[in-house]
Amino acid sequence: MNYYGVVMTSTRTDYLWIAAFAVLVAFAIPWFLWGDATVAAGLPVWLWWHVGWMALASVAFYAFTRRAWDRGVDAEVIRRG
Amino acid sequence: MVEPGVSLGIVAGYLLIALAVGLVAYRLTDGDAEDYYLASRSVGTVVLLFTTFATLLSAFTFFGGPNLAFSAGPEWILVMGLMDGILFAILWYVIGYKQWLVGKAHGYVTLGEMLGDRFDSTALRGLVAGVSLLWLFPYVMLQQIGAGQALVGLSGGAVPYWAGAALITVFMVAYVGLSGLRGVAWTDTLQGVFMLGVLWLAVAWVASAAGGVAALTAGMTGANPEFGSLGGGLYSPQWMIAQAVVIAFGVAAFPQVNQRFFMADRAETLKRSFALWPVLVLLLFVPAFLLGSWAVGLGIRVPDGSNVLPVLLNEYTPAWFAALVVAGAMAAMMSSSDSMLLSGSSYFTRDLYRPFVAPDAGDAREGWVARVGVAVFAAATFLASLLVGGGGGLDVLVTLGSTAFGGYAQLTLPLLLALYWSGTTRPGMIGGVATAEAAYLAHVFVPALPEAYLTWDFALWCMLLSLVVTVAVSAVTTAAPEANAAKFGVGAD
């Protein structure tokens, strides 16, 4: 709930986005591949993970801009002044 | 080595193009401060993305980063991904978008101005500007030192160090002074596109000369098996996390980056940049750092004081191409410094000169002081960079410059609290920022203090201190006037 007493349409959606961002942060470095030296298609597997993860993050961020932008920053209140 | 004349010709060509772009931008500039510093909040997606990017990491992408990957392995790519691809992108929304909304509604141009208004405090405004300039001044110096040295190397010693640094300073002052942010943003965009293109060309060239990507990787792991496996050596989980967190949070409060949050023309621009951020990180850093690491397997020897990327390219690509990359890197140092000069000047004129020296200065006067400020700031950093190494005690400044990211990171958590927590108070902010900065400076300069506590870098602990002190002092003091908090959408309820 913000200052003007407007309840966000869905707090659960907020939490889902926070969870999604947390997962993006947590596995940006593939901890489960720690010490792994497997090479696939000329590059270490952990580097391929990085390529895929950045692409996934970009898609997730794009989805956020389409469906959840303005959440959590009190945008309406600031615009109203 | 290519003829010094050709290399210098390439550099001179770049400088003239930058100056021409500045002149075109100048024709579009009107006198007032908002236009000079923020291009009247009219910057679109491509320009905003590239200007932030070029400003952020230019010289590091060509020199420092590949050197690190050469000596310690390519895992720095993952640190960059976490730092700039994910964490900074999230801060781009959480801090950047909110600052943009608030800045647009109330006309803020600098971070200090925004926080000063939120807490109705000229002291806080001055503190934020003062702290920012403390870290900015030596960081600009480092760029001038780097560019001066690059010119010495490029010309084979024909251009002395002082002349190289002076030439670059004069050019920067000319086009920053003339055209303000519009000129800086446009040259940065050219620069960013140029950097991306050159790096991928370099990868293609080296890969085809050395038998392909798989052969390069096999050579690398053959020469140093640890480079192929994730982690090991310098790379511990604590170190990687600390680097990514401290630098990402530091970047968000770096004046020339933070000020870019106020620049966007509309929300759509911020949205597109937000989604493109990880892709750009991928495109720029993977080739740069892989080249550095691959060089290990190619038996590249890097002489003291040189950088791995130019040495590698001299070996595997035509000499003119290697010269082009070095010229590009040098120009990149300029594109970092020009933005910093402009932001430093705006922090000085708006947050220190105007409130403390000349409260009734008009917009025209401020615009004029801003331009003089750019020239004075650049001249002062130039003089200081000439004197460094002369044993005059100025080496302190080099230490300050190389620890600047951590210094800015101490501002970011109090800033987040100010943006989102209605309970934040003026004494809380001043106390949090001052305590954390003091603790951080003590750790930078007092050798007796440890580098890490419980295996975690001291910069992270100082950030924690900034959070704890801001919250604790805010909890026991009276909140800011409700009207000012409401401007930020956070009520003092």
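Each chain gets a letter, A, B and so on, in the order its sequence line appears, and its residues count up from 1.
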Does any non-hydrogen side-chain atom of [Y] lie less than 4.5 Å from one of [X]?
X: Met54(A); Y: Ile86(B); answer: yes
X: Phe61(A); Y: Ile90(B); answer: yes
X: Leu282(B); Y: His50(A); answer: yes
X: Arg272(B); Y: Thr65(A); answer: no
X: Pro30(A); Y: Leu230(B); answer: yes
X: Tyr97(B); Y: Trp69(A); answer: yes

**Message:** As a quick check of understanding, evaluate side-chain contact (heavy atoms from CB on, under 4.5 Å) for Trp46(A) and Leu78(B), giving each step before the final call.
**Reply:** CA-CA 9 Å; Trp46(A) 60 258; Leu78(B) 293 174; 3.5 Å; yes

[X], part contacting chain A, at a heavy-atom distance under 4.5 Å:
X: Leu216(B); result: neither
X: Trp92(B); result: neither
X: Glu226(B); result: neither
X: Pro225(B); result: neither
X: Leu101(B); result: both

**Item:** Shortest non-hydrogen contact from Ser58(A) toward Ala275(B)
**Value:**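 Ser58(A) and Ala275(B) have their closest heavy atoms at OG-O, 2.5 Å.
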
**Heavy-atom pair with the smallest gap, counting every atom of Gly489(B) and Val77(A)** =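 That closest heavy-atom pairing would be CA-CG1, 3.7 Å.
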
**Request:** Would you mind telling me which of Gly35(A), Pro44(A), Ala41(A) has the largest number of heavy-atom pairs within less than 4.5 Å of chain B?
**Result:**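 It is Gly35(A).
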
**Message:** Test side-chain contact (heavy atoms from CB on, under 4.5 Å) on Ile78(A) and Lys104(B); report intermediate values, then the result.
**Reply:** CA-CA 9 Å; Ile78(A) 297 166; Lys104(B) 205 172 176 72; over 6 Å; no

**Request:** Output yes when a side-chain donor or acceptor of Thr217(B) lies under 3.5 Å from a complementary backbone atom of Gly42(A), and no otherwise.
**Result:**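 It does hold such a pair.
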
**Request:** Sort Leu56(A) into side chain, backbone, both or neither according to what part of it lies under 4.5 angstrom from a heavy atom of chain B.
**Result:**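 Contact with chain B involves no heavy atom of Leu56(A) at all.
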
**Item:** chain B contact via Trp31(A) - side chain, backbone, both or neither, heavy atoms under 4.5 Å
**Value:**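 The side chain, not the backbone.
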
**Item:** Test log, rule side-chain contact (heavy atoms from CB on, under 4.5 Å), inputs Val73(A) and Val94(B)
**Value:** CA-CA 7 Å; Val73(A) 294; Val94(B) 175; 6.0 Å; no

**Request:** Give me the ring orientation class for Phe64(A) and Tyr93(B): parallel if the planes are under 30° apart, tilted from 30 to 60°, perpendicular past 60°.
**Result:**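 If you compare the ring of Phe64(A) with that of Tyr93(B), the planes turn out perpendicular.
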
